[in-house]
Amino acid sequence: MFKKILVANRGEIALRVLWACKELGIRTVAVRSEADRDSLHSSFADENICIGPAPSASSYLNITSILSAAEVSGAEAIHPGYGFLSENARFAEICSDCGVKFIGPTPELIRLMGDKAAAREQVKKLGIPVIPGSDGPVKTHKKARSLASNLGYPVILKAVAGGGGRGMRVVREAAEMENAFSVAASEAKAAFDDGRIYLEKYFDAPRHIEVQILSDSHGTVVQLGERECSIQRKHQKLVEEAPSPAVDDRLREELGERAIAIARAVGYENAGTVEFLLDEDGSFYFMEMNTRIQVEHPVTEFITGMDLIKEQIRIAAGEPMSPFPQPFSPYGHAIECRINAEHPETFTPSPGTISVFHPPGGPGVRVDTAAYASCVVSSYYDSMIAKLITHGRDREEAVQRMRRSLEVFVIEGIETNIPLHQRIVDDAEFQKGNLSTCFLERQLAGLSTKAGKEPGEETAASA
């Protein structure tokens, strides 16, 4: 087992990794930007090293500074968390060249599965359904328009190297294609330094279902059940739960078998997530694979009793993963709400100083956060300041605990989206489990109408 791990991230996920390391008896190194001088992750690590100014490009994305911090601290491994460099194959490669273990899959697998078009082709060879679309990247808007005519509108343009909703545009008619293609390619180039775009058929109201897998170097591959991630805004997940209200035991087993087959086919190792779209008629299609720990991993931890970060570390150290029964049967139900520093109706960011921070507690409640009273929410980083997760014996109890927890979660000094989450959990369709990727769009359209706006003036899109 490693003796010292460097955490190449910030905020709640950095703390989450630190806690796992401490429970495993591993010393920790935090890296921080100048803006995160007073951050909890830098305070609670055994060592902390400043790696640059506030902008991410100069700090948390600065590979040279991070590897230098690993060298001077004597860290044997680096955990990237999610976001930043977590799916950067070049970073994983440089770690290996420098003799530092990257806690995640190999650079080759990050490249293969991170290339969304290549991943589609790999999965098609296994006979697993993929969303109808282009065979690889589409080079011009004219070619995209031709393909869309054959598929039928609407379609969606996606960045080959994409993630987090960037480089994605829904196109509903041919006249929109040229502009949408240009915008998606430009956004993809800016976000991922890769402007390649591929095209898929767009489903208006599917469910977004993902399967968590773990795989070690001893030949063990397991699936830890599915998560429902359908409630999204602009392709960004907002509420997640496990298990999905739409998935029965038969479908759970089938999705799990497909996810395991994909992992075995590519020789995957460590934690990963295989994402599917579930259509209204019950058909499912492979979408992509994320080669990192997910933001929403706590809901899986609640229904399995496993610590996924510890398992990542054990696997990276060459140890076998903890025993886990297959086929998987979930224990209870868990829901996660992402608490963001933003206005709950306009979604404008709300950086500033938190004056009061009072998180909820009680049975079945977990809050993953690095926020505290008097801390500064910086405009340089993602607006998520906490993850509120509740667990119950069944979905109804998990929803009731979420409702109670949102009601007593007090954050003052900045705006948050807690009121939006309260509207979501109070929604009759949500309580019935009737979810789709257009769920929030419907909510916001209703809000806009009440406020005297035209429906659709503020929209939420998802895929």
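No experiment lies behind these values; they were computed from the predicted model shown. The analysis underlying the following values was restricted to heavy atoms, covering all of them including side chains, and did not include hydrogens, waters or symmetry mates. FYI, the numbering just counts along the sequence from 1.
A distance-only check finds a donor-acceptor pair linking the side chain of Thr106 to the backbone of Leu109 [under 3.5 Å]. Although no hydrogens or angles enter the test, the distance criterion places no donor-acceptor pair under 3.5 Å between the side chain of Asn340 and the main chain of Pro349. No donor-acceptor distance shorter than 3.5 angstrom exists from the side chain of His218 to the backbone of Met321, with no hydrogens or angles considered. Thr220 contributes no side-chain N or O that, together with a main-chain N or O of Asp216, makes up a donor-acceptor pair within less than 3.5 Å. A donor-acceptor contact shorter than 3.5 Å is absent between the side chain of Ser350 and the backbone of His343.
When the ring-ring contact (aromatic ring centres under 6.0 Å, His included) test is applied to Phe2, no partner is found at least two apart in sequence or on another chain. With sequence neighbours excluded, no residue forms a ring-ring contact (aromatic ring centres under 6.0 Å, His included) with Phe181. Taking the side chain to side chain donor-acceptor pair (under 3.5 Å) definition, one finds that Gln422 meets it with nothing, sequence neighbours left out. Remark: Tyr285 pairs with Phe203 by the ring-ring contact (aromatic ring centres under 6.0 Å, His included) rule, at least two apart or across chains. Judged as a side chain to side chain contact (heavy atoms under 4.5 Å, CB included), and not counting sequence neighbours, the contacts of Asp382 are Met384. Residues passing the side chain to side chain contact (heavy atoms under 4.5 Å, CB included) test with Asp281, sequence neighbours excluded: Asp279, Ser283. A search for ring-ring contact (aromatic ring centres under 6.0 Å, His included) contacts involving Tyr331 returns His391, not counting sequence neighbours. Every residue was checked against the side chain to side chain donor-acceptor pair (under 3.5 Å) condition with Glu396, not counting sequence neighbours, and none meets it.
Side-chain contact check for His333 versus Ile335: some heavy-atom pair is nearer than 4.5 Å. Residues Gln294 and Glu210 have side chains in contact (heavy-atom distance under 4.5 Å, counting atoms from C-beta outward). Looking only at side-chain heavy atoms (C-beta outward), Glu311 and Asn270 stay at 4.5 Å or farther from each other.
Interatomic distance, CD1 of Ile231 versus CD of Glu441, reported as 13.5 Å (0.5 Å rounding). Remark: Arg207 CZ to Ser244 OG distance equals 5.0 Å, nearest 0.5 Å. Interatomic distance, CZ of Phe430 versus CD of Gln443, reported as 10.0 Å (0.5 Å rounding). The distance from atom CG of Leu224 to atom OG1 of Thr304, rounded to the nearest 0.5 Å, is 5.5 Å.
Relative ring orientation between Phe102 and Phe91 is described as perpendicular, the plane-to-plane angle rising above 60° on a 0-90° scale split at 30° and 60°.
Among pairs with a residue in residues 176-199, those fulfilling salt bridge (charged side-chain N to carboxylate O under 4.0 Å, His left out) read Asp115-Arg196, Arg169-Glu187, Lys189-Asp193, Asp194-Arg196, at least two apart in sequence or across chains. For residues 266-277, the salt bridge (charged side-chain N to carboxylate O under 4.0 Å, His left out) pairs, not counting sequence neighbours, are Lys237-Glu275. Sorted by first then second residue, the ring-ring contact (aromatic ring centres under 6.0 Å, His included) pairs that include residues 244-279, not counting sequence neighbours, are Phe276-Phe284.
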* **Leu277/Ile209 under side-chain contact (heavy atoms from CB on, under 4.5 Å): CA gap, chis, key distance, verdict** => CA-CA 6 Å; Leu277 281 187; Ile209 308 292; over 6 Å; no
* Any chance you could lay out the side-chain contact (heavy atoms from CB on, under 4.5 Å) test for Leu251 and Glu253, step after step, and finish with the verdict? => CA-CA 5 Å; Leu251 182 56; Glu253 185 175 355; over 6 Å; no
* Could you go step by step and tell me if Thr273 and Arg227 meet the side-chain contact (heavy atoms from CB on, under 4.5 Å) rule? -> CA-CA 10 Å; Thr273 303; Arg227 297 184 287 253; 3.2 Å; yes
* **salt bridge (Lys or Arg N to Asp or Glu O under 4.0 Å) between Glu121 and Lys116, worked out** => CA-CA 9 Å; Glu121 294 308 304; Lys116 311 305 182 188; over 6 Å; no
* Asked: Glu200 and Lys158: side-chain contact (heavy atoms from CB on, under 4.5 Å), yes or no, with the steps?
  -> CA-CA 8 Å; Glu200 287 181 341; Lys158 291 185 177 182; 2.9 Å; yes
* Kindly determine whether Asp204 and Arg172 satisfy salt bridge (Lys or Arg N to Asp or Glu O under 4.0 Å), including the steps that lead there. => CA-CA 11 Å; Asp204 274 309; Arg172 296 191 175 276; 3.0 Å; yes
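Here the shortest heavy-atom pairing between Ile303 and Gly332 reads CG2-O, 3.8 Å. Heavy atoms only, all atoms of each residue included: Ala263 and Ile213 are closest at CB-CD1, 3.5 Å. Closest approach of Cys229 and Glu240 over heavy atoms only: SG-CG, 3.8 Å. Minimum interatomic distance between Ile313 and Cys21 (heavy atoms only, all atoms of both residues): CD1-SG, 3.9 Å. Residues Arg401 and Gly392 approach most closely at NH1-CA, 3.9 Å, considering heavy atoms. Contact record, Lys310 with Ala20: CG-CB, 4.0 Å, taken as the closest heavy-atom pair.
If you check the side chains of His297 and Gln212, you find no donor sitting under 3.5 Å from an acceptor. The closest side-chain donor-acceptor pair between Arg120 and Gln122, if any, does not fall under 3.5 angstrom. Donor-acceptor pairing under 3.5 Å is recorded for the side chains of Tyr381 and Ser33. Using modelled atom types and a 3.5 Å distance limit, the side chains of His79 and Gln312 yield a donor-acceptor pair. For the 3.5 Å distance criterion, the side chains of Glu342 and Thr416 fail to qualify, holding no donor opposite an acceptor.
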In a table with atom names and distances, give each donor-acceptor pair under 3.5 Å that connects a side chain of residues 5-15 to protein atoms at least two apart or in another chain.
from: Asn9; atom 1: ND2; to: Pro80; atom 2: O; distance (Å): 2.7
from: Asn9; atom 1: ND2; to: Tyr82; atom 2: O; distance (Å): 2.8
from: Arg10; atom 1: NE; to: Asp36; atom 2: OD2; distance (Å): 2.7
from: Arg10; atom 1: NH2; to: Asp36; atom 2: OD1; distance (Å): 3.0
from: Glu12; atom 1: OE1; to: Lys387; atom 2: NZ; distance (Å): 3.4
from: Glu12; atom 1: OE2; to: Tyr82; atom 2: OH; distance (Å): 2.2
from: Glu12; atom 1: OE2; to: Lys387; atom 2: NZ; distance (Å): 3.2

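Arg90 has a carboxylate O that lies under 4.0 Å from a charged side-chain N of Glu93, or vice versa, which qualifies the two as a salt bridge.
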